[in-house]
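Worksheet: the structure to be examined is printed underneath.
From a predicted model like this one, the values you see are computed outputs, not experimental measurements. Excluded from the calculations below are hydrogen atoms, water molecules and symmetry mates; all remaining heavy atoms, backbone and side chain alike, are included.
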Amino acid sequence: MSYFTLSLTLIFVLIPLVLSKTFNLGLERDTLVATIRSIIQLLAVGYVLKFVFESDSLIYIFLMVTLMIVAATHNAQKKGAAIRGIVAKVAATLVFVEVLTQSILIGFNITPPTAQYIIPISGMVIGNSMVLSILFLNRFTAEVETHQDQTELILSLGGTPKQAIHRQLIQSIKASMIPTIESQKTVGLVQLPGMMSGQIIAGADPIQAVQFQLLIMFLLLTTAAVTSILLGFLSYPTLFNKRMQLMKS
Amino acid sequence: MSIQYKPAVHFNHVNYSAGDTHILKEITGSFPEGKIITLVGPSGAGKTTLLKLCNGLLSPDTGEIYVKDKPIDNIEPVELRRLVGMALQSAPMISGTVYDNLNLPLELQGKKLPEQDALAWLHDVGLEEQLISRNVKDLSGGQRQKVSIARTLVNKPEVLLLDEITSSLDRTSLKEIEELIVKINRKYGTTIIWITHNLQQAMEIGDYTWVMMAGEVIETGESELLVNPANDKVKRFVRGEAG
Ligand SMILES: Nc1ncnc2c1ncn2[C@@H]1O[C@H](COP(=O)(O)OP(=O)(O)O)[C@@H](O)[C@H]1O
Ligand SMILES: [Mg+2]
């Protein structure tokens, strides 16, 4: 695609701008900011990727993945402000998920250990792990608050913090995993996944595109389960103190 | 008042705050062993907070609490909460049957309550045996409170904390629960600390009464003190002007 063709795609930005103006939606500013940010961010990433792919040096791969984890941690921790040390817990979760998935992929020779594979797959894994963390933390914070009487009940009967929070923890883990599982049930029926569409448009064999998409989807199942469970078990102890009391909020 | 009795729970200059609110101020006093102590005062006075300090659901900011002459922090939380049982105001239930709820205290220890024992507890709190398999969703307010009390009793506590357990009940259930609490006190020698906003109940059932207002204990003594209080604030509270 030439830059001229690319600039023609701005028509698709113009349409919502005109609609927003006409119907007084007040979304012009946000739409413009979103457009400009996505242009700058994606172009920057594109050039960085080009550079990293050409150098194919492990150090640059490592730096890219680290950057992704830092950005994802920064985004996700906002939802868990009530949990002490949430930054470290989210970061640890993302690092663990990334190391686990890449070890399996590279260890079993599923994908080659090159920037071309590691970086996009890491991006998808870390991005999804971030979304899962946010879903989990939102739900867990809400569950703990709504069911505080259940927690107090179990503590008052001589239960441990783990027993007192067990139900809320399991509920939150399940709830945060459900969208990932559900979306995989209808995949291909309603819409083609973005990555697969991209590959097909770029000229890849559809069957090969499907194979990669399956790989990614299975990977995301692991990502979802490991993220929610790990973050859950790292988070709940900070809600209690040594005397097995709910911390003052 | 408590000189001739051993205190089951003793407070010494206890203060408790949450955020900017100084909820309990310089609480000092004893709850004598084997007695029924009623706790009255307007809502927001700090009664529930005081109860939660007794079983270690909360800890004081300053001051000391002793349970059976031991500093409360020297007792393991799990042991403390079995020793000092609490029936919470809202009588929360875990989802499932009445049996599931009665079994909960033992389930938390990896044990199981024999069905025979569960039936005996139901009988003890005046509930019919067939309720054992009833889903807790289908219980009336009074039945829930009774299950909540029975569940607390399964741990065989030496001190029983009751938080406004009769406030949502009709007259009949209320009388039944009052009789039940007195029966537990007589049968097991359990010390009972009972928050109630029913002054009649506080006087009739209590051996001793604490009157609380705005985080302070403004009067303690034999429950008859409510009939003709000397303290002006208590007088106004009893007449219904401050609560
Ligand atoms: N966690 C908390 N944070 C801030 N204020 C609280 C908290 N818990 C209780 N309070 C306040 O402390 C006061 C006493 O509460 P409570 O012990 O429940 O009183 P009572 O049981 O006598 O109605 C109330 O004003 C209540 O709003
Ligand atoms: Mg209360």
### Query
Can you check whether B:Ser90's main-chain N or O pairs, donor with acceptor, with A:Asp149's side chain at less than 3.5 Å?
no
### Task
Examine whether an atom of B:Ser17 lies under 4.5 Å from a heavy atom of chain A, and if so say whether it belongs to the side chain, the backbone or both; otherwise answer neither.
backbone
### Separation of B:Leu58 CG from A:Arg243 CZ (nearest 0.5 Å)
12.0 Å
### Task
Report, as yes or no, whether the 6.0 Å neighbourhood of atom CD on A:Gln41 holds more than 12 heavy atoms from other residues, nucleotides or ligands.
yes
### Summary
Between B:Pro77 and A:Lys242, the two heavy atoms sitting closest are CG-O, 4.4 Å
### Query
Relative to chain A, which of B:Ser59, B:Ala91, B:Ala18 shows the most heavy atom pairs under 4.5 Å?
B:Ser59
### Query
Given the rule in the side chain to side chain contact (heavy atoms under 4.5 Å, CB included) test, do B:Arg81 and A:Leu155 qualify, once you have shown the distances and angles that lead to the verdict?
CA-CA 8 Å; B:Arg81 288 166 193 163; A:Leu155 290 177; 3.9 Å; yes
### Query
Got a sec: does the NE2 of B:His22 have more than 12 other heavy atoms crowding it under 6.0 Å?
yes
### Message
Other residues, nucleotides and ligands only: do more than 12 of their heavy atoms fall within 6.0 Å of NZ on A:Lys21?
### Response
no
### Query
Does A:Glu152 reach the side chain of B:Lys52, with side-chain heavy atoms less than 4.5 Å apart?
yes
## Note on the structure
To the nearest 0.5 Å, atom OG1 of B:Thr152 lies from atom CG of A:Leu153 at 8.0 Å
### Task
Nearest 0.5 Å please: distance from the CZ atom of B:Arg151 over to the OG atom of A:Ser156.
7.5 Å
#### Entry: Residue pair A:Gln245 / B:Gly56: nearest heavy atoms and the distance that separates them
NE2-O, 3.0 Å
### Message
For the interface with chain A, which of B:Met93, B:Glu79, B:Gln109, B:Met86 has the highest count of heavy-atom pairs at distances below 4.5 Å?
### Response
B:Met93
### Task
Give, for atom OG1 of A:Thr160 and atom CG of B:Leu108, the distance between the pair rounded to the nearest 0.5 Å.
7.5 Å
### Message
Please determine whether the number of non-hydrogen atoms from other residues, nucleotides or ligands lying under 6.0 Å from atom CD of A:Glu145 exceeds 12.
### Response
no
### Query
Given that the side chain runs from C-beta out, which part of B:Leu80 has a heavy atom under 4.5 Å from chain A: side chain, backbone, both or neither?
side chain
### Message
With a 4.5 angstrom heavy-atom cut-off, is it the side chain or the backbone of B:Leu106 that approaches chain A, or both, or neither?
### Response
neither
### Query
Which distance, rounded to the nearest 0.5 Å, do you find between the CD of A:Gln150 and the CG of B:Leu88?
10.5 Å
